[in-house]
Amino acid sequence: MTHSHKHTPAAQEAIRRIAQRARGRKHGPITRLMSPSDFGRLLKPFVFLDLFEHEGPPFEGGLHPHSGIATLTYVTEGSINYIDPDNVKGVLTAGGVEWMQAGRGMWHGGGIGAGRTSGFQLWIALPPELELEPATSLYQPPEEVRIDGPARVLLGSHGSASSVIESPSPINYLAVRLKAGERWRYEPPARHSVLWAAVSSGAVSVPDELREGDLAAFEASNEAVEFEALSDAEFMLGSAVPHNHELVLGNYSVHTSRDVLREAEAHISAIRKR
């Protein structure tokens with residue numbers, strides 16, 4: 001669908017503007033695009049977003065714990081391997097998804113395959129009714145991820161496609177690929193006033209330009225956003241109903257209160273002893 005670039009004054013007002021934008025901080029293979037000390041406060045339930053890029057021999061990460069959050073890892077290129085809480089090992093290739101809802105605590109681990117690998121890991125704060133629930137995890141090979149037009153639906157629903165993952169709260173999380181010159185419009189569901197986009201390759205106009213490595217938080221509203229690809233581009237997009245709770249942080253945890261954090265950290269310690 002194409003639109004002319006001339007906007008009437010009325011159409012101009014309906015453009016959902018970028019409230020804040022940033023470029024991530026890189027540490028080795030990880031670029032942290034969002035954390036609770038910056039965008040995470042503005043965009044909660046989305047609290048951390050990491051872009052990982054690795055080239056070379058494979059490497060194994062150790063086991064580490066989480067609680068109070070869900071993480072969704074999406075592979076854009078190459079492959080990752082995982083060890084789930086039941087010690088089951090597996091491999092996810094490009095387009096695949098690892099979903100882990102940590103609840104009151106779990107340990108998991110994994111690593112990166114040989115060659116060039118890239119992808120995103122998103123952390124989502126859980127609502128109070130789920131932050132002390134038992135942990136669950138789900139792994140989706142690329143062919144099981146539902147698609148609507150250029151969007152792969154990792155969480156929630158868009159157009160004709162819905163994710164099989166049961167989202168902890170009303171959230172859409174999409175991976176979108178556009179060819180140079182293509183346009184795509186995102187109409188958020190009712191009450192999804194939180195909206196952001198992060199570009200992993202190429203450049204898009206919203207109409208402000210966003211390039212590879214940019215994260216944009218849009219102003220709180222229910223307006224649509226239209227993306228035009230200035231080159232072949234890939235970006236992640238998240239929208240949600242706001243998470244109206246405190247973010248109380250532990251080393252690998254995000255909870256809604258100190259008491260709940262203490263309870264979850266005790267559970268994590270007990271699992272470690274086992």
Side-chain angles (χ1 to χ4, degrees), residues 33-34 36 39-50 66-76 82 84-85 92 95-106 108 119-176 186-198 215 217-218 220 222 224-225 235-247 253-256 260 264:
L33 295 166
M34 181 195 308
F39 279 74
R41 296 248 173 253
L42 188 67
L43 295 173
K44 60 190 185 179
F46 305 105
V47 287
F48 285 98
L49 181 67
D50 287 340
H66 286 296
S67 68
I69 48 132
T71 65
L72 192 148
T73 306
Y74 174 67
V75 187
T76 53
Y82 61 82
D84 80 1
L92 279 178
V97 167
E98 175 189 1
W99 170 255
M100 191 210 69
Q101 194 164 300
R104 64 186 179 147
M106 69 185 297
H108 77 145
F120 286 89
Q121 185 170 60
L122 174 70
W123 289 35
I124 296 165
L126 294 177
E129 63 273 18
L130 293 177
E131 66 182 327
L132 287 177
E133 285 296 295
T136 58
S137 51
L138 186 144
Y139 304 89
Q140 276 189 301
E143 61 276 9
E144 285 180 16
V145 176
R146 308 279 165 79
I147 296 173
D148 180 87
R152 298 175 72 81
V153 180
L154 311 184
L155 265 187
S157 305
H158 176 70
S160 62
S162 293
S163 170
V164 299
I165 297 167
E166 196 177 326
S167 186
S169 58
I171 291 168
N172 279 356
Y173 183 40
L174 313 176
V176 183
Y186 180 68
E187 295 269 2
R191 297 173 48 240
H192 278 225
S193 57
V194 171
L195 177 66
W196 58 270
L215 172 73
F218 292 89
N222 213 239
V225 176
F235 60 93
M236 308 304 284
L237 175 140
S239 75
V241 172
H243 175 80
N244 295 320
H245 304 282
E246 287 298 303
L247 298 180
S253 306
V254 178
H255 284 281
T256 60
V260 177

Taking the side chain as C-beta and beyond, is there a heavy-atom pair between Leu237 and Leu195 under 4.5 Å?
-> yes
How long is the gap from CD on Glu98 to OG1 on Thr71, to the nearest 0.5 Å?
-> 6.0 Å
Nearest-0.5 Å distance that lies between atom OH in Tyr173 and atom CE in Met236 | 3.5 Å
Looking only at heavy atoms, what is the nearest atom pair of Ala151 and Val176, with distance?
-> CB-CG2, 4.1 Å
Keeping the roles fixed (side chain from Lys44, backbone from Pro242), state whether a donor-acceptor pair exists under 3.5 Å.
-> no
Would you indicate whether the side-chain heavy atoms of Phe120 and Asp50 approach each other to under 4.5 Å?
-> no
Got more than 12 heavy atoms from elsewhere within 6.0 Å of CD, Glu166?
-> no
Taking all non-hydrogen atoms of both residues into account, name the closest pair between Ile165 and Ser163 and its distance.
-> N-OG, 3.0 Å
Go through the steps for Phe46 and Val194 under the test side-chain contact (heavy atoms from CB on, under 4.5 Å), then give the verdict.
-> CA-CA 9 Å; Phe46 305 105; Val194 171; 3.9 Å; yes
Could you please spell out the steps behind the side-chain contact (heavy atoms from CB on, under 4.5 Å) verdict for Ile124 and Ile171?
-> CA-CA 10 Å; Ile124 296 165; Ile171 291 168; 3.6 Å; yes
Which distance, rounded to the nearest 0.5 Å, do you find between the NE2 of His243 and the CG of Leu43?
-> 13.0 Å
Take Phe235 and Leu215, measure what side-chain contact (heavy atoms from CB on, under 4.5 Å) needs, and give me the verdict at the end.
-> CA-CA 10 Å; Phe235 60 93; Leu215 172 73; over 6 Å; no
Nearest heavy-atom neighbours spanning Ala125 and Val254 | CB-CG1, 4.3 Å
Are any non-hydrogen side-chain atoms of Arg104 and Glu131 less than 4.5 angstrom apart?
-> no
Ring-ring centroid check His158 Tyr186, cutoff 6.0 Å | yes
When rounded to the nearest 0.5 angstrom, what is the spacing between OG in Ser169 and NE2 in His245?
-> 8.5 Å
Does the side chain of Ser137 reach to within under 4.5 Å of the side chain of Gln101, using non-hydrogen atoms?
-> no
Quick one: are Val47 and Leu247 in side-chain contact, heavy atoms under 4.5 Å?
-> yes
Just by distance, do the side chain of Asn172 and the backbone of Ser239 share a donor-acceptor pair under 3.5 Å?
-> no
Close side-chain approach of Gln121 and Tyr74, heavy atoms under 4.5 Å | no
When the aromatic ring centroids of Trp196 and Phe39 are compared, is their separation below 6.0 Å?
-> no
Of the non-hydrogen atoms in Val153 and Ala161, which two are nearest, and what is the gap between them?
-> CG2-CB, 3.7 Å
Contact summary for Leu72 and Leu154, nearest pair of heavy atoms | CD1-O, 3.8 Å
Do the non-hydrogen side-chain atoms of Trp123 and His66 ever get within less than 4.5 Å of each other?
-> yes
Val225 vs Phe218, side-chain contact (heavy atoms from CB on, under 4.5 Å): CA-CA, chis, key distance, verdict | CA-CA 9 Å; Val225 176; Phe218 292 89; 3.9 Å; yes
Can you tell if the side chain of Glu144 reaches within under 4.5 Å of the side chain of Val164, non-hydrogen atoms only?
-> no
Is the backbone N or O of Pro189 less than 3.5 Å from a side-chain atom of Asn222, with the two atoms forming a donor-acceptor pair by type?
-> yes
Looking only at heavy atoms, the pair that brings Val145 and Arg152 closest together is CB-NH2, 3.5 Å
